[in-house]
Amino acid sequence: MFQAVCFDFDYTLGDCTESILAGFRHGLTGLGWPAPEREAVRATVGYLLEDAYAMLTGDRDPERMARFRVLFTEVARERQMREAVLFPGGAELLRGLKEHGVKVAIVSTKRGDTIQFILERLRVADTVELVIGSADVQRHKPDPEGLLAAMARLGVTPEDTLFCGDTVMDAGAARNAGCHFAAVLNGVTPASAFEAFCPDRVCSDLWDLAQWLGL
């Protein structure tokens, strides 16, 4: 159906909930804020860390936002690389795309080197041709910069590209890039939130996505 399929990472392909939660609790309490509730943190996954900090605290002081990133990373980065898992069907989906000659990229607000390490640990790095992380772009989703860069480097057109994500930011990025979009309901965003973006498909999980793609 497509020459290339691009994925968001957190809550689309991978689950890093516990390590992310630990990082948020360390970062926020280190700055004098109360430890956040689990679901409050889950609702921010997919946003830049600085934006997530502001969402949870209402504080937009640049120095404290930067300090939060440092504190978060102290705890979360190593744990994410060690503890992250793919959602059920993820490895099979990536293998199936490779076997069918479909180019695969990841476009995420997570650090690209963290994602690459996770893919290597889970032995699926050979299925992904390109990872574009938060440090690789100036403007983040829903801006299309990351997706446009991925398509350019993969040598594909928007018409032949599918982006799969779990948030309306992902849906907005796909719309702004002019490519196709499939919502994956592994995160906290309900199916109804995607209606305004007219997705090609709303998938209950990665098995559903693979079936729709004919893998």
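All figures in this text were calculated on a predicted structure; none of them were measured in a lab.
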> If you round to the nearest 0.5 Å, how far is CG of Leu119 from CG of Asp126?
Replying inline: 9.5 Å

> So with a 6.0 Å cut-off around CD of Glu78, is the heavy-atom count from everything else above 12?
Replying inline: yes

> Do Asp200 and Trp212 have side-chain heavy atoms sitting under 4.5 Å apart?
Replying inline: yes

> What do the steps show when you test Leu213 against Val102 for side chain to side chain contact (heavy atoms under 4.5 Å, CB included), and what is the final call?
Replying inline: CA-CA 11 Å; Leu213 291 171; Val102 178; over 6 Å; no

> Are Asp166 and Thr12 linked by a side-chain donor-acceptor pair shorter than 3.5 Å?
Replying inline: yes

>> Checking the side chain of Ser19 only, and the main-chain atoms of Ala76 only, is there a donor and an acceptor separated by less than 3.5 Å?
In response: no

>> Any side-chain to backbone donor/acceptor pair from His180 onto Phe163? Under 3.5 Å, distance only.
In response: no

> Are Met55 and Leu71 connected, step by step, through hydrophobic side chains (Ile, Leu, Val, Met, Phe, Trp, Tyr) whose heavy atoms are closer than 4.5 Å?
Replying inline: no

>> How close do Cys164 and Val5 get, counting heavy atoms only, and between which atoms?
In response: SG-CG1, 3.8 Å

> Should Glu50 and Arg64 be marked as a salt bridge (charged side-chain N to carboxylate O under 4.0 Å, His left out) after you check the CA-CA gap, both sets of side-chain angles, and the distance that decides it?
Replying inline: CA-CA 9 Å; Glu50 291 82 358; Arg64 286 191 291 273; over 6 Å; no

> Should the heavy atoms of other residues, nucleotides or ligands under 6.0 Å from CZ of Arg153 be counted, would the total exceed 12?
Replying inline: no

>> Holding to side-chain hydrogen bond (donor to acceptor under 3.5 Å, both in side chains), I want the full list of residues that pass it with Asp143, two or more places apart in sequence or in another chain.
In response: Arg139

>> Quick check: closest heavy atoms across Ile118 and Cys16, and the distance to 0.1 Å?
In response: CD1-SG, 4.4 Å

> In Å and rounded to the nearest 0.5 Å, what is the CZ to NZ distance from Arg95 to Lys98?
Replying inline: 6.0 Å

>> Is the shortest side-chain heavy-atom distance between Leu48 and Arg69 below 4.5 Å?
In response: yes

>> Show every ring-ring contact (aromatic ring centres under 6.0 Å, His included) that has at least one partner inside residues 68-105, sequence neighbours left out.
In response: Phe24-Phe68, Phe24-Phe72, Tyr53-Phe68

> Is there a donor-acceptor pair closer than 3.5 Å between any side-chain N or O of Asp136 and the backbone N or O of Ile132?
Replying inline: no

>> If you apply the rule side chain to side chain contact (heavy atoms under 4.5 Å, CB included), what do you find for Asp170 with Tyr11, and how did you get there?
In response: CA-CA 11 Å; Asp170 297 321; Tyr11 288 166; over 6 Å; no

> Does some side-chain heavy atom of Gln80 sit less than 4.5 Å from a side-chain heavy atom of Ile20?
Replying inline: yes

> Just by distance, do the side chain of Glu129 and the backbone of Leu154 share a donor-acceptor pair under 3.5 Å?
Replying inline: no

> Is Leu206 linked to Phe194 within one hydrophobic cluster, defined over Ile, Leu, Val, Met, Phe, Trp and Tyr using a side-chain heavy-atom separation of less than 4.5 Å?
Replying inline: no

> Which atom names give the shortest non-hydrogen contact between Val156 and Ala4, and what distance separates them?
Replying inline: CG2-CB, 3.8 Å

> Roughly how far, to the nearest 0.5 Å, is the OG1 atom of Thr73 from the NE2 atom of His26?
Replying inline: 9.5 Å

> Is any side-chain heavy atom of Leu86 less than 4.5 Å from a side-chain heavy atom of Leu93?
Replying inline: no

> What heavy-atom pair brings Glu120 and Ala125 nearest, and what distance separates the two atoms?
Replying inline: CG-CB, 3.6 Å

> So do Leu147 and Thr161 actually touch side chain to side chain, heavy atoms under 4.5 Å?
Replying inline: no

> Closest approach of Phe9 and Ser108, non-hydrogen atoms and distance?
Replying inline: CB-OG, 4.0 Å

> Can you tell me how far CG of Asn176 sits from CG of Leu148, rounded to the nearest 0.5 angstrom?
Replying inline: 9.0 Å

> What's the spacing between Thr157 OG1 and Glu159 CD if we round to 0.5 Å?
Replying inline: 4.5 Å

> So Val128 and Ile115, side chain to side chain contact (heavy atoms under 4.5 Å, CB included) or not? Walk me through it.
Replying inline: CA-CA 11 Å; Val128 179; Ile115 295 172; over 6 Å; no

> Side-chain contact, heavy-atom cut-off 4.5 Å: Lys110 with Ser134?
Replying inline: no

>> With clusters defined by side-chain heavy atoms of hydrophobic residues (ILVMFWY) lying less than 4.5 Å apart, directly or transitively, does Val75 cluster with Val70?
In response: no

> Is any NZ, NE, NH1 or NH2 atom of the basic residue among Arg77 and Asp113 found under 4.0 Å from an Asp or Glu carboxylate oxygen of the other?
Replying inline: yes

>> Which heavy atom of Met151 sits nearest to which heavy atom of Pro158, and what is that distance?
In response: SD-CA, 3.6 Å

> What do the steps show when you test Asp8 against Lys141 for side chain to side chain contact (heavy atoms under 4.5 Å, CB included), and what is the final call?
Replying inline: CA-CA 10 Å; Asp8 172 56; Lys141 296 179 289 187; 2.9 Å; yes

>> Is there a side-chain contact between Phe2 and Leu97 in this structure, where contact means two heavy atoms from C-beta onward sitting under 4.5 Å apart?
In response: no

> Does atom CD of Glu39 have more than 12 heavy-atom neighbours, drawn from other residues, nucleotides or ligands, at distances under 6.0 Å?
Replying inline: yes

>> Using a 3.5 Å distance criterion without hydrogens, assess whether the side chain of Asp205 forms a donor-acceptor pair with backbone atoms of Pro88.
In response: no

> Does Glu37 have any salt bridge (Lys or Arg N to Asp or Glu O under 4.0 Å) partners at least two apart in sequence or in another chain, and if so, which?
Replying inline: none

>> Could you see if Val45 belongs to whatever hydrophobic cluster contains Met65? Use Ile, Leu, Val, Met, Phe, Trp, Tyr and a side-chain cutoff under 4.5 Å.
In response: yes

>> Are there over 12 heavy-atom neighbours, none belonging to Arg121, within less than 6.0 Å of that residue's CZ?
In response: yes

>> Are Thr127 and Val104 packed together at the side-chain level, in the sense that at least one heavy-atom pair is separated by less than 4.5 angstrom?
In response: no

> In terms of side-chain geometry, is the basic nitrogen of Glu74 or Arg79 positioned less than 4.0 Å from the acidic oxygen of its partner?
Replying inline: no

> Among the clusters formed by ILVMFWY side chains lying less than 4.5 Å apart, do Leu31 and Leu49 turn up in the same one?
Replying inline: yes

